[in-house]
Structures are given as C-alpha cells and as structure tokens.
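Sequence lines set the chain letters: A, B, ... in the order given, protein chains first and strands last, and positions in each chain run from 1. Heavy atoms only: backbone and side chains are in, while hydrogens, waters and symmetry mates are out.
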Protein chains: 2
Amino acid sequence: MKDKYESIRLRNQLCFPLYAVSNMITRNYKPLLDELDLTYTQYIVMMILWEEEKVNEKLLCETLCLKSNTVTPLLKKLENKGYIKKSKDPEDERNLVITLTKTGEALKDKALEVPKGMACRINLSKEETATLYNILYKMLDEEQKEQRLIKC
Amino acid sequence: MKDKYESIRLRNQLCFPLYAVSNMITRNYKPLLDELDLTYTQYIVMMILWEEEKVNEKLLCETLCLKSNTVTPLLKKLENKGYIKKSKDPEDERNLVITLTKTGEALKDKALEVPKGMACRINLSKEETATLYNILYKMLDEEQKEQRLIKC
DNA sequence: TTGAATTATATCGCATGCGATATAATTTTG
DNA sequence: CAAAATTATATCGCATGCGATATAATTCAA
C-alpha cells in the first residue's frame, strides 16, 4: 500500500456509502410518508402490523434491529395518533401486545401509494436490486449469528 | 402478484436492510471510536480533514450528503474537543474554513486502529464488498444527478 | 418457598438528521 | 449604486438510535 493512511480515506470506506444511502432513502420517503402522517421508522413498524395483526414489543425490536429505548417512545406516538392499541399479555404481564386500530388498519390501502412513489426514485436494475438485497441481508444475518454466539 | 399488499411487506423492501445495516455499522464502530472520543459522524468529518488539510463547511456538507443544520453543531463539538479550528475565509467572509489542530492531526495515527478493528466485523468477500460499494455509489451518484436536474 | 437472577418495558441523556427559519456576506439587477 | 436575490452558516424543534439505568413481572435456586 502506497500511503500508510489509505485505510482511513473516506473513499475507501464501505460504511460511508451505506450511511449516506440510508439517509438518502429516509429523505426520499419523507414526502410520501407525510401523506400518512408517519415517519420512516413508524412506517416500518406499521408494515409489520399490517402483516402480523398482533405483535409484541420484543419481537418488534428484534425484527427491526432496534432497542426498546427507540421502540417504546415510537409506539407511544403511534398510539397517540390512534393507529395502534397497546395491551398486556395475560399469560405474561411483562409482554406488551400491539394491535392495529380501525384507523391503523385503514391506512394499509393508502400505504400502497408509498412503494409506487418510491419506485421511480431508485434507479437500479432488477439484478442490482437483488444483489444489494442479498448482500445486505447476509450482513444482518451474520450480525444476528454473532449475537447468538455472544450469548453462549 | 398474489397478494395486493406484497409491495408493503417489510421483507420486500430494499430500504429496510439498508437502514438496518447502516445502524448496525454505527453500533459496531462505537467501541472503536470511543477510544478516539469520536462519534461516527464526527469520525467521517475527521477523515476528510486528515486527507484535505483545509475544508470549508459547504464542501463538507456536500461530501457527506448532510445539511448545515447537522454539520454546524457537530463542528462546534469537534472544536470544543480541541480537534479542529474554525476561521473565516478572507476572500468571502461567508465561508467557514476548518483546519485541524495539532491534537486533531495527532489523532490520525491512532485512527489507523479503527479499520483494523472493523475488518473482522464485516464478513463479506472482496467481491461482495466491491459489488456493494459500486451499487451504493451508483445510488448516491444518481441522487446527486437528480439534485442538479432539479436546480436547472 | 422465598430471595436472587432474569426478562420485558420504560425512562434519561446525548448525538445526530433534517425541515423551517433567521442572519450575515456577497452578487445580481433595475 | 441601492434594493433584491442569492449564498453560507447558524438556530430551533422534532424524531430517532442507543448506552445506561430503573421498574415490574416472572423464573430460578438454595
């Protein structure tokens, strides 16, 4: 390596484009999600609920790779907007069970506009998209594996 | 498409793994950057300064794809830590010129430990890394192109 | 079986990101 | 050349993310 400092050049980092693209995506979603009165993080929580009907907070945290200190206040906001309901699992009172309200359920159809609006904003080929998707999930899976190893 | 709602399933989003991996990367950097008393965003600012010697805020914002409302307070913190100095460009007093202090410059060698420490945390092949890098920069470049088009 | 460990949420403090807005310096324009 | 527009920073308010810590419910263990 010519320069001792090659490894700390911004252009040689993989982390930076990941970080910048992630910010970029969130920025691009904003105008579309404003229509639903959702932030990006609130949107991915709602996506899970539109699929699952009933989820507890722990599972939500694991699925989204977030900690409860991010998710708890976020759920409070979704509750205040009238999109979700919170209740305790009678089997184990520690578990928070989250379900959609009628309003939250109704939002599902409106949400179909979001991916439509985003489609034109990401100019990748089908193949590039698939490759990107697979590499990213590989990274997430590795991380999860690490987590499990650390627990042992 | 079988299900009308396929497009809003979390698993069918490209944005989500991007978002989750970006968070994951930042989490992984934290213990390494704590040694330098830097956050991740502060670290990428310092990387630019270690390369450039002298940068103004506008260029910094463009390079990092961030707005001044993120970068201005961040520079104040780096100044308080004694890593950078701020001055005005005499040619155009609007421009903020940022340079490293001796302490900031000295941190460069210590920073070489950071990519060393990260290497083992990303389990991608050379090829996967290159592919990921290229696709991400393609996305960033498209975005920049859009920006220019909008300006016209 | 009861005190200790574990687990699931919740709270606190700090550092981003960013839209909206304010301010100061420079450039454009009529 | 003076007012208007533009440009570069700065400030404000809100919504994350997360490490550290607190609290309540459950499980484990002596």
Side-chain angles (χ1 to χ4, degrees), chain A residues 16 19-34 36-46 55-62 64-81 86-98 147 151, chain B residues 16 19-34 36-46 55-81 86-98 143 147 151:
Chain A
F16 171 66
Y19 160 89
V21 167
S22 177
N23 287 341
M24 183 188 97
I25 300 271
T26 307
R27 266 196 309 273
N28 277 288
Y29 267 106
K30 179 147 199 324
L32 300 167
L33 293 177
D34 280 349
L36 310 182
D37 189 22
L38 289 176
T39 64
Y40 177 71
T41 319
Q42 291 166 11
Y43 175 57
I44 57 179
V45 168
M46 291 301 285
V55 188
N56 82 334
E57 183 169 332
K58 185 178 157 50
L59 182 61
L60 212 52
C61 291
E62 277 167 10
L64 301 178
C65 310
L66 293 172
K67 305 288 154 57
S68 77
N69 47 13
T70 299
V71 173
T72 301
L74 195 145
L75 292 176
K76 201 177 286 179
K77 277 167 205 159
L78 287 175
E79 192 185 28
N80 290 341
K81 291 184 191 193
K86 298 193 290 189
S87 57
K88 292 289 185 179
D89 178 358
E91 298 285 307
D92 184 338
E93 295 271 335
R94 288 172 303 181
N95 292 312
L96 191 65
V97 180
I98 301 128
Q147 298 288 327
K151 284 216 173 177
Chain B
F16 171 66
Y19 160 88
V21 167
S22 177
N23 287 341
M24 181 187 97
I25 300 273
T26 308
R27 266 197 308 274
N28 276 291
Y29 266 106
K30 178 146 201 324
L32 299 166
L33 292 177
D34 280 348
L36 311 182
D37 190 23
L38 289 175
T39 64
Y40 177 72
T41 320
Q42 291 166 9
Y43 175 58
I44 59 181
V45 169
M46 292 299 287
V55 187
N56 81 334
E57 184 169 332
K58 184 177 158 53
L59 182 60
L60 213 50
C61 291
E62 277 168 10
T63 310
L64 301 180
C65 312
L66 293 172
K67 306 287 156 55
S68 75
N69 47 14
T70 299
V71 173
T72 301
L74 195 146
L75 292 175
K76 200 178 285 181
K77 276 167 207 161
L78 286 175
E79 193 186 26
N80 290 342
K81 291 184 192 195
K86 297 193 290 190
S87 57
K88 292 288 185 180
D89 177 1
E91 298 285 307
D92 184 339
E93 295 272 337
R94 289 172 303 181
N95 292 312
L96 191 65
V97 180
I98 300 127
E143 172 82 352
Q147 297 288 328
K151 284 216 172 176

Output the rounded distance in Å from [atom1] ([X]) to [atom2] ([N]).
X: B/Tyr19; N: C/dT16; atom1: OH; atom2: C1'; value: 13 Å
X: B/Asn95; N: C/dT27; atom1: CG; atom2: C1'; value: 13 Å
X: B/Gln42; N: C/dC14; atom1: CD; atom2: P; value: 14 Å
X: A/Asp34; N: D/dC14; atom1: CG; atom2: C1'; value: 13 Å
X: A/Asn69; N: D/dG19; atom1: CG; atom2: P; value: 8 Å
X: B/Ile98; N: D/dA8; atom1: CD1; atom2: C1'; value: 11 Å
X: B/Lys67; N: D/dG13; atom1: NZ; atom2: C1'; value: 16 Å
X: B/Leu74; N: C/dC18; atom1: CG; atom2: C1'; value: 14 Å

Review point. A/Cys61 or B/Pro90: which one's nearest nucleotide on DNA chain C is closer to the 5' end?
Key: A/Cys61
Check your understanding: A/Lys30 or A/Lys88: which one's nearest nucleotide on DNA chain C is closer to the 5' end?
Key -> A/Lys88
Review point. Is B/Thr41 touching bases, backbone alone, or none of the nucleic acid, heavy atoms closer than 4.0 Å?
Key: sugar-phosphate
Practice item. Please work out which of the three classes, parallel, tilted or perpendicular, describes the rings of A/Tyr19 and B/Tyr40, given edges at 30° and 60°. Key: perpendicular
Practice item. Kindly compute the distance separating CG (B/Leu74) from CG (B/Leu64), expressed to the nearest 0.5 Å. Key: 9.0 Å
Exercise for review: State the CZ-CG distance between A/Arg94 and A/Asn56, to the nearest 0.5 angstrom.
Suggested key: 11.0 Å
Check your understanding: Hey, is the side chain of A/Ser68 pairing donor to acceptor with the base of C/dA8 inside 3.5 Å?
Key -> no
Point to revise | Heavy-atom donor-acceptor pair, A/Arg94 side-chain to C/dT9 base, under 3.5 Å | key: no
N/O (side chain, [X]) to phosphate O (OP1/OP2, [N]) under 4.0 Å:
X: B/Asn56; N: D/dT9; value: yes
X: B/Lys76; N: D/dT11; value: yes
X: A/Thr39; N: D/dT16; value: yes
X: A/Thr26; N: C/dG17; value: no
X: A/Arg27; N: C/dC18; value: yes
X: B/Lys58; N: D/dA8; value: yes
X: B/Thr72; N: D/dT9; value: no

**Study point:** Which atom of B/Gln42 lies closest to which atom of B/Asp37, heavy atoms considered
**Key:** OE1-O, 4.0 Å
**Study point:** A/Glu93 side-chain proximity, nearest of D/dG17, D/dT26, C/dA25
**Key:** D/dT26
Review point. Does one side chain, of A/Thr72 or A/Glu57, offer a donor that lies under 3.5 Å from an acceptor on the other?
Key: yes
Review point. Where do A/Leu75 and A/Leu60 land on the side-chain contact (heavy atoms from CB on, under 4.5 Å) test, with the steps shown first?
Key: CA-CA 10 Å; A/Leu75 292 176; A/Leu60 212 52; 3.8 Å; yes
